[in-house]
Q: 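Below are the structure tokens for one structure; questions will follow.
Counting begins at 1 with the first residue of the sequence. Side-chain atoms are counted along with the backbone in the values below, which use heavy atoms only and exclude waters and symmetry mates. For ligands, and for the atoms within them, numbers begin at 1 and follow the listed sequence.
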Amino acid sequence: MLNEYDCWLQKRKIASNIKAPETVFIQDSLSGETAAQAVKEFTSGIQRLLGFLPKVVSLPVEQETAAKENAVLLGLFSGFEKYPSFPAAALSNKTAESFIIKVTGAQIIIAGADEAGLLYGVFRFLNLLALGEIKDGFELIDSPVSPLRMINHWDNFDGTIERGYAGGSLFYKDGNFSYDRQRIEDYAQLLASTGINRLSINNVNVRAKAKLLITEEYLKHVGELAAIFRPFGIKLFLSINFGSPWSLGKLPTADPLDPSVLEWWKNHTALIYKYIPDLAGFIIKADSEGEPGPFQYNRTHADGANMLAKALTPFGGTVIWRCFVYNCTQDWRDKNTDRARAAYDHFMPQDGDFADNVILQIKFGPYDFQVREPVSPLFGALKKTRHVMELQITQEYTGHQIDLCYLPTVWEDIMNFDTAFSDTDKRAAIKDLIASNKKDYPNIEGFAAVVNVGLDNNWCGHTLAQANLYGYGRLAWNPAVTAEEIADEWSALSFGAGEAAAKKVKEILLKSYGAYEKYTSPFGVCFMVTPNTHYGPSVEGYEFSRWGTYHRADKDAIGIDRTPSGTGYTNQYSPKNAAMFADPSTCPENLILFFHRLRYDYKMKNGQTLLQNIYDTHFEGYEEAENMIKDWKALKDSLEEDVYKSVLSRFEKQLDNAREWRDQINTYFWRKTGIDDAKGRKIYE
Ligand code: GCW
């Protein structure tokens, strides 16, 4: 049975394969609040899963207690040097946040390279215990592959959330901070349990009153929030507005090269750090969709970012600078401007110009979190600039947490994308490029993702959308984890390891992305969605708008030619990928309409025309949505009634949505072409 508020940290008595760890010995040198949190998580976790509260005893570091029965030892690697049974591999592991779990007889050791590592070790141990994987002889040494594992909130000061589908903000209401301390702590626990270590707490569109967030009146609240997240190893970022020197400081300009502007930021940053001494830094959306930025002063992004970096340097802070920069006032008549080119065209020429404490944040694809986009050509190409990949957990274009859409499916594809920048070094897939920053190397330092949580009791609106939040944390920790492994873990943690319901839910999750893609916009066509809300079909909703997202369907053909004979976007990729994408016969078919303008009678690999494939996918996608409901209904007797019903009602709405998509798309193309479905299914006239 599932208590939806608890997500994957269910209170559920499990059958354990190990002796009950009755006493917890902690190294007496552990003094920090993250270590204290780790101990607390361990004891409460044992109570949650095994039904008793272990006794906690402090232990001098040098005391050998390896022989103690039914004991757990929690500490840092450094404190275990004298323990003969402690694996040497862990002692030499200096990677921050790593941990070891080792079970021998009745003794369990959980140790971290640092306190955060210990906390992650405890959470992993508890999950593995719940999954039935902890047994005598178990040993795991693990380190995060990505140093930066960040969550972005797009929460507004009035309590709404931009692109939020799970209730109001956890942090704000009616123009002020307003939060339930316990709820924030529970949230921090959920995030830390998946390995998240950074969090931005306000929308990147810093508008109206949100500009005041960095003034003294509100900074004290930011300080209070930072204090709640701190024991969980989570540091905060603040979204800031580039125009602050004039909007807040009343300076005549925000020109990054004007000395008075730098001076203002230096003083103001010092003020911010008075309240939050360990603030991780600033995140900024500049020159993007109306937000101010250096372009207003004829300065470059590097000028803007480096100025802020200077202000943050004395405090060890970082600037995260978003690359979502494109012309959002395009004329649809203009076929020469290609929005897909924008991020690369703006940022690639500046590779190497950014200060050491600047990190570029790049959306995974060149557009905007569409159901299927190619991976941004900046990945693998940038070599001298620190950068991270931005994903979207909140389902802006993927069904608003009404439709089930298990995102790790597409994230896995992204991780496996081979940037093909190196013929000699095989480490060229995205998942192989995730690593710490190294000079002159195309490493991606990790991930940021727009979160899907709000005040709803189940956090995510759709209970099964919790899998996306969990999945993001797991994948940010280790991008080589597969969608199936994550689905397996999450379903078992949530619905009970070995339960039939867990198995079924896993299957449903794994089918959901494909279904959504099929009934909405297969073949990488993008933006056939209702303008502004981004839920439901509107085939030409963006055709004559200013956003640069067109498919240009006419009676014969559809898609944008992005090859060298078109916009030339394909040339932003490595030569191997440029050639692969530019040729329709080698371009992956799930992206073919992103790269090519094709006639409806173009023969796809299955021998059918493009048009017939459009019809087929939409009929199939709808059927798959129907099947998901059937699968869910079969679980009626094994689930909590409230969970069963709330998910069922979402599946019902999803089916309506799938029907609209299927019929509007099919009718649209039938009207354009007058060509019937070869299989004679119903297409409305
Ligand atoms: O996709 C667009 C969204 C905006 C968002 C923007 C961004 C925060 O529709 O709501 O603004 O992306 O990423 O900045």
Side-chain angles (χ1 to χ4, degrees), residues 150-166 169 171-172 199-208 210-211 213 237-243 282-293 295 301 304-305 319-330 339-340 342-343 346-347 359-373 376 378 387-401 405 407 410 447-454 472 520-521 526-536 538 541-542 545-550:
M150 179 162 172
I151 286 285
N152 291 167
H153 278 263
W154 284 355
D155 292 25
N156 299 318
F157 232 42
D158 63 3
T160 61
I161 300 178
E162 182 150 352
R163 313 305 179 188
Y165 312 106
S169 166
F171 307 124
Y172 320 101
L199 187 82
S200 68
I201 57 167
N202 60 316
N203 191 351
V204 287
N205 291 327
V206 185
R207 295 180 187 152
K211 292 181 192 164
L213 200 90
F237 273 88
L238 287 175
S239 300
I240 53 154
N241 182 301
F242 197 78
F282 300 147
I283 172 168
I284 181 154
K285 170 176 177 177
D287 290 317
S288 168
E289 300 186 331
E291 294 301 293
F295 283 175
H301 285 284
V319 182
I320 297 197
W321 189 272
R322 293 176 87 232
C323 296
F324 188 52
V325 179
Y326 68 98
N327 174 6
C328 65
T329 55
Q330 196 177 325
R339 172 167 162 181
H346 282 299
F347 287 92
I359 297 179
L360 299 182
Q361 181 167 313
I362 308 161
K363 287 192 180 182
F364 81 81
Y367 259 173
D368 187 15
F369 304 131
Q370 296 301 288
V371 181
R372 184 71 62 176
E373 289 185 47
S376 167
L378 280 168
H387 57 286
V388 293
M389 177 181 279
E390 181 173 330
L391 300 170
Q392 199 182 42
I393 315 171
T394 194
Q395 291 174 235
E396 176 177 358
Y397 295 96
T398 49
H400 285 202
Q401 283 134 249
C405 195
L407 299 167
V410 74
F447 300 91
V450 190
V451 78
N452 61 348
V453 304
Y472 169 71
T520 59
S521 32
C526 302
F527 279 101
M528 286 189 168
V529 73
T530 306
N532 307 322
T533 67
H534 300 162
Y535 186 78
S538 177
Y542 276 100
S545 73
R546 62 184 173 96
W547 299 99
T549 48
Y550 316 111

Q: Could you tell me which residues satisfy side chain to side chain donor-acceptor pair (under 3.5 Å) with N452, sequence neighbours excluded, listed by chain and number?
A: none
Q: List in chain and number order the residues that pass salt bridge (Lys or Arg N to Asp or Glu O under 4.0 Å) with R207, two or more places apart in sequence or in another chain; answer none if no residue qualifies.
A: E291
Q: Taking the six-membered ring for Trp and the full ring for Phe, Tyr or His, determine whether the centres of Y172 and F157 are under 6.0 Å apart.
A: yes
Q: Should M150 and V388 count as side-chain neighbours, where that means a heavy-atom distance under 4.5 Å?
A: no
Q: Once ring pair (Phe, Tyr, Trp, His ring centres under 6.0 Å) is applied, do any residues pair with H346, and if so which ones, sequence neighbours excluded?
A: F295
Q: Let me know which protein residues bring a heavy atom to under 4.0 Å of ligand 1; chain then number is fine for ordering.
A: W154, E162, R163, N203, V204, N205, K285, E289, R322, F324, K363, D368, E396, Y397, H534
Q: How close do I284 and N241 get, heavy atom to heavy atom, and via which atoms?
A: CD1-C, 4.4 Å
